[in-house]
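Notes follow once the structure below has been shown.
Throughout, residue positions are numbered sequentially from 1 according to the sequence presented. First listed ligand is number 1; within each ligand, the first listed atom is number 1.
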Amino acid sequence: MNILLLGNGGRENALGWKIAQSKSVKKLYIAPGNAGTDLIGENVNISAVDFIAIKEFVLKNDVDMVVVGPEEPLVRGIYDFFRDDEKLKSIPVIGPSKEGARLEGSKDFAKRFMQRHNIPTARYQSFTLDELNDAYKFLEQLNAPYVLKADGLAAGKGVLIIHDIEEAKKELKGMLDGMFGEASRTVVIEEFLSGIECSVFVLTDGNSYKILPVAKDYKRIGEGDTGLNTGGMGAVSPVSFADGVFMDKVEKRIVIPTVEGLKKDNIDYKGFIFLGLINVGGEPMVIEYNVRMGDPETEVVIPRIKSDLVDLLNGVAKGTLATINLEIDSRYCTTVMLVSGGYPGNYQKGKTITGLDNVNGSLLFHAGTKTDGNSVTTNGGRVIAVSSYGETKSEALHLSYKNASVIEFDGKYYRKDIGFDLN
Ligand code: AMP
Ligand code: GLY
């Protein structure tokens, strides 16, 4: 098979690394890819949202399957674009339909879906600017802190958690006035949940499902989970508190009702579901849905899958996922993200990366990198994820840190405390 993978981050490098190992893959293309994906397949200089260019490429190069890494092409309807095109409709796209992608593209849609299907989540109400007074009244009914969420995609910045009610009212009005553009013309206000978070990934063909290894990511730039939010500074899998009892609740109360709910609502969904969960006193609740794999969670989840990923993806495409075995590596996997100095604020690109050949015993998944003649240079805030296996969490982390220290580029920064809050 020839596979086209869309995206250019660490997630896509990890997915591509696994796809390239499949016995059924002849050719792997990555659009647009990075310096890491260039080593495992062929990078194609096409944007992941340029559907017309993707169509042309797929037809010209006999692509048999398209795997979508990021949410944007899904939210813009790449699945429907293929399904509704005479020439493309026989080529499966791994990812939900445009309607299914609203689980990530609209927080209000996701909350209604959960309410309709009795899936545990924080109490909420949604408001637009002409309902401002009702919104203030709802805020007054809640206890601090107040959680305000832009309904639409806001590049990961659309959630505000505010302690003071007057401040919350001010920010709410700002959001409804367009602080995040169209994305915040509707705002979801919800009850604050207190607990520790984890990410659960589900692969579904629309009928059956497989639960992939659970992971925890570290979003803040600073140690001890302080400072600004980032795309993710590291991850660990498995997660100590997500034990058998907890995961059983996740499956019964969240995974099954989600897959059944999509079916009942007639939503075409063949792809990954990312459940952002919070453990509230032992009870799992949904903080958010995403319609793709997480980054950097993918860099620890995918290495723990022993089965052929393309067999699983074919099962998704054909609706035979239930017949395919999912085998998981019992070892830990950890990843530490090396980032550019200044990230998530302003940072420079184009710094030469050295020491990659001195890495021993870890997997390198490139995020913001670029091939530049014979060298590899930085091309983003998050640069490289250093993933390692271990019999214990600390053994895996030790290896990730050892190898993180041999890679050099001007301004390199990484958190030294990934996994600090887990047993
Ligand atoms: P989201 O984009 O919905 O994942 O929200 C971003 C982050 O805000 C989450 O990862 C949580 O850490 C936090 N968050 C969102 N909703 C809540 C909530 N209801 N209670 C507590 N924290 C929340
Ligand atoms: N690691 C969180 C995300 O991918 O959204």
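- With R292, K219, E104, K216 as candidates, the residue nearest to atom 3 (C) of ligand 2 on a non-hydrogen basis is R292.
- A salt bridge is defined here as a Lys NZ or Arg NE, NH1 or NH2 lying under 4.0 Å from an Asp or Glu carboxylate O, and D108 with K111 fails to meet this definition.
- Contact atoms of ligand 2 toward G294: 4 (O) (distance under 4.0 Å to a heavy atom of the residue).
- The shell of residues lying under 4.0 angstrom from ligand 2, judged by heavy atoms, excludes R11.
- Not one N or O on the side chain of T377 forms a donor-acceptor pair closer than 3.5 Å with the backbone of G350.
- Annotation: side chain of R123 is in contact with side chain of F138 (closest heavy-atom distance under 4.5 Å).
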Side chains of residues 307-314: which donor-acceptor partners sit under 3.5 Å, not counting sequence neighbours?
from: S307; atom 1: OG; to: N325; atom 2: O; distance (Å): 3.2
from: S307; atom 1: OG; to: E327; atom 2: N; distance (Å): 2.5
from: D308; atom 1: OD1; to: S22; atom 2: OG; distance (Å): 3.0
from: D308; atom 1: OD1; to: V310; atom 2: N; distance (Å): 2.9
from: D308; atom 1: OD1; to: D311; atom 2: N; distance (Å): 3.3
from: D308; atom 1: OD2; to: S22; atom 2: OG; distance (Å): 3.0
from: D308; atom 1: OD2; to: K23; atom 2: N; distance (Å): 3.3
from: D311; atom 1: OD1; to: K23; atom 2: NZ; distance (Å): 3.1
from: D311; atom 1: OD2; to: K23; atom 2: NZ; distance (Å): 2.9
from: N314; atom 1: ND2; to: V310; atom 2: O; distance (Å): 3.4

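- Only the side chain of E297 comes within contact range of ligand 2, with a heavy atom under 4.0 Å; no backbone atom does.
- In this structure, K107 contributes its side chain and S126 its backbone to no donor-acceptor pair below 3.5 Å.
- Within 4.0 Å of ligand 1, protein heavy atoms belong to K107, A122, V147, K149, V159, I161, E190, E191, F192, L193, E197, K219, I287, E288, listed by chain and number.
- Side-chain N or O atoms of T37 include one that pairs as donor or acceptor with a backbone N or O of N34 at under 3.5 Å.
- Relative ring orientation between Y343 and Y347 is described as perpendicular, the plane-to-plane angle rising above 60° on a 0-90° scale split at 30° and 60°.
- Residue-ligand proximity, D217 to ligand 2, at heavy-atom distances under 4.0 Å covers atoms 1 (N), 2 (C).
- Note on ring orientation: taking the six-membered ring where Trp is involved, the planes of F246 and F241 are perpendicular (angle over 60°, cut-offs 30° and 60°).
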